[in-house]
J.: 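Dumping the structure here so I can ask a few things about it.
Predicted model only: the values in this text are computed from it and were never measured.
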Amino acid sequence: MLPGRGRNGRAARPARILGTGTAWTAVGDGEFFCPGCGGDRNYQRLTGRRRFTLLGVPVLPRGETGPVVECAACRRHFGTDVLDHPTTTRFSAMLRDAVHTVALAVLAAGGSCARTALETAACAVRAAGFDDCTEEQLDALVEALAADTGRVGGEPCGAGLAIELHEALDPLAPHLAPAGRESILLQGARIALADGPYTPAEREVLSTVGAALTICGDDVTRLLAAARTPS
């Protein structure tokens, strides 16, 4: 074998004398949406201490690094901001609750809860994930909501109802594409139109929905007009 050559005649790599290494310590765990795997995975939250190494042996501390999030499946490291993205399970629950809240708000604003509006609302809520939702359940919830707030159907959107809409929609909006945000508003619009033209109270509720979904006023007006056009 020639000097400086390894097996098969390939050049031998010199041993790395100096380098740096990181010793990781787990400080938490949980479930997150892994952008590397593209799905829900378990994770460990890690902090690290960097050290100079001599022939692979740590010798001098070089400070701390991290924290990072390590996927238990692919072992890739990500910044901790990745935990701001909801898991698929959590996102589905947020979307389901948002559609349910919008449907109730629009029905409450409509006042009469006509059968056609209840049917349209129930279809939207079932499609969002509440598989056993019925028109009767929604009607009862609207009556309970009116009794709890002392609000008469058809009145403008009260502060309490606006707060509920924002609580359901504000956390969801950053994780929806523009088409997804518009879809929720259009579902509310179709519920309002199921028993006739928009009432002022319904328009106010839908404007609140649009604002919570970060849809600008001009686009809200455009979408409400588009919902009136038969497909």
Side-chain angles (χ1 to χ4, degrees), residues 30-35 37-42 73 83-149 151 153 157 160-196 198 201-202 205-206 208-215 223-224 226-228 230-231:
E31 187 179 44
F32 81 131
F33 181 86
C34 175
C37 296
D40 295 347
R41 299 290 187 269
N42 292 324
L83 299 180
D84 295 336
H85 193 292
T87 63
T88 302
T89 302
R90 175 60 183 152
F91 179 78
S92 297
M94 292 167 66
L95 183 59
R96 179 189 65 207
D97 292 345
V99 172
H100 189 258
T101 302
V102 169
L104 286 178
V106 174
L107 288 172
S112 63
C113 276
R115 192 68 186 179
T116 51
L118 286 169
E119 289 173 351
T120 304
C123 285
V125 173
R126 284 194 294 267
F130 281 114
D131 298 335
D132 57 352
C133 178
T134 66
E135 292 85 347
E136 290 73 22
Q137 289 173 346
L138 290 177
D139 194 21
L141 286 171
V142 170
E143 289 186 6
L145 179 64
D148 184 57
T149 60
R151 186 171 166 275
C157 180
L161 192 54
I163 290 172
E164 287 190 24
L165 285 169
H166 278 280
E167 287 179 346
L169 298 174
D170 286 354
L172 178 65
H175 307 293
L176 285 172
R181 298 196 297 271
E182 291 182 359
S183 175
I184 293 177
L185 178 61
L186 285 170
Q187 285 178 337
R190 293 184 187 111
I191 294 169
L193 292 169
D195 59 350
Y198 300 118
E202 288 171 338
V205 164
L206 292 169
T208 301
V209 170
L213 290 169
T214 67
I215 302 174
L223 290 166
L224 296 188
R228 289 200 303 263
S231 57

J.: Identify the two heavy atoms, one from Leu213 and one from Leu185, that lie closest to each other, and give their separation to 0.1 Å.
T.: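 Taking every non-hydrogen atom into account, CD1-N, 4.2 Å.
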J.: Taking Asp40 for the side chain and Thr88 for the main chain, is one N or O donor matched with an acceptor at less than 3.5 Å?
T.: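 Present.
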J.: Would the distance check show the side chain of Thr116 and the main-chain N or O of Ala194 forming a donor-acceptor pair, the cut-off being under 3.5 Å?
T.: yes
J.: Considering residues at least two apart in sequence or located in another chain, which fulfil the ring pair (Phe, Tyr, Trp, His ring centres under 6.0 Å) criterion with His175?
T.: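 Ring pair (Phe, Tyr, Trp, His ring centres under 6.0 Å) check on His175 returns His85.
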J.: Between Cys34 and Arg41, which heavy-atom pair has the shortest distance, and what is it?
T.: CB-CG, 3.9 Å
J.: Please find the pair of heavy atoms, one from Ala114 and one from Asp195, that lie closest to each other, and give the distance.
T.: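 So the minimum-distance heavy-atom pair works out to CB-CB, 3.7 Å.
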J.: Mind listing the closest non-hydrogen atom pair of Ala121 and Ala103 along with its distance?
T.: CB-CB, 4.2 Å
J.: Starting at CG of Leu107, measure out to CD of Glu143 and round the result to the nearest 0.5 Å.
T.: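 Reported value, rounded in 0.5 Å steps: 11.5 Å.
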J.: Can you find a pair of side-chain heavy atoms, one from Leu95 and one from Ile184, that are under 4.5 Å apart?
T.: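 The answer is yes; the side chains approach within 4.5 Å.
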J.: Given side chains that start at C-beta, do those of Val99 and Gln187 come closer than 4.5 Å, heavy atoms only?
T.: yes
J.: Report yes if some heavy atom in the side chain of Tyr198 is under 4.5 Å from a heavy atom in the side chain of Val106; otherwise report no.
T.: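 Not touching, per the 4.5 Å side-chain cut-off.
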J.: Calculate, to the nearest 0.5 Å, the distance between atoms CG and CG belonging to Leu165 and Leu104 respectively.
T.: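 With rounding to 0.5 Å, CG (Leu165) is 9.5 Å from CG (Leu104).
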J.: Excluding sequence neighbours, so at least two apart, what forms side chain to side chain donor-acceptor pair (under 3.5 Å) with Ser183?
T.: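 Ser183 satisfies side chain to side chain donor-acceptor pair (under 3.5 Å) with no other residue.
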J.: Would you mind reporting whether Arg126 and Asp131 have side-chain heavy atoms less than 4.5 Å apart?
T.: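 The answer is no, as the side chains (C-beta and beyond) never meet within the 4.5 Å cut-off.
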J.: Between atom CZ of Arg190 and atom OG1 of Thr120, what is the distance when rounded to the nearest 0.5 Å?
T.: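 Reported to 0.5 Å precision, the distance equals 10.0 Å.
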J.: Determine the minimum heavy-atom distance between Ala227 and Leu186, stating which atoms define it.
T.: CB-CD2, 4.0 Å
J.: Check whether any side-chain heavy atom of Arg181 sits under 4.5 Å from a side-chain heavy atom of Leu172, and report yes or no.
T.: no
J.: Listing request: all salt bridge (Lys or Arg N to Asp or Glu O under 4.0 Å) pairs with a residue in residues 88-107, at least two apart in sequence or in separate chains.
T.: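 The answer is none; no pair qualifies.
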J.: Between Val142 and Ala108, which heavy-atom pair has the shortest distance, and what is it?
T.: CG1-CA, 3.9 Å
J.: Enter the distance from Leu83:CG to Phe33:CZ here, rounded to the nearest 0.5 Å.
T.: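 Here the rounded value is 13.0 Å.
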J.: Taking C-beta and beyond as the side chain, do Leu141 and His100 meet within less than 4.5 Å on heavy atoms?
T.: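 Yes, close enough: below the 4.5 Å cut-off.
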J.: So do the side chains of Leu169 and Val102 get within less than 4.5 Å of each other, counting heavy atoms only?
T.: yes
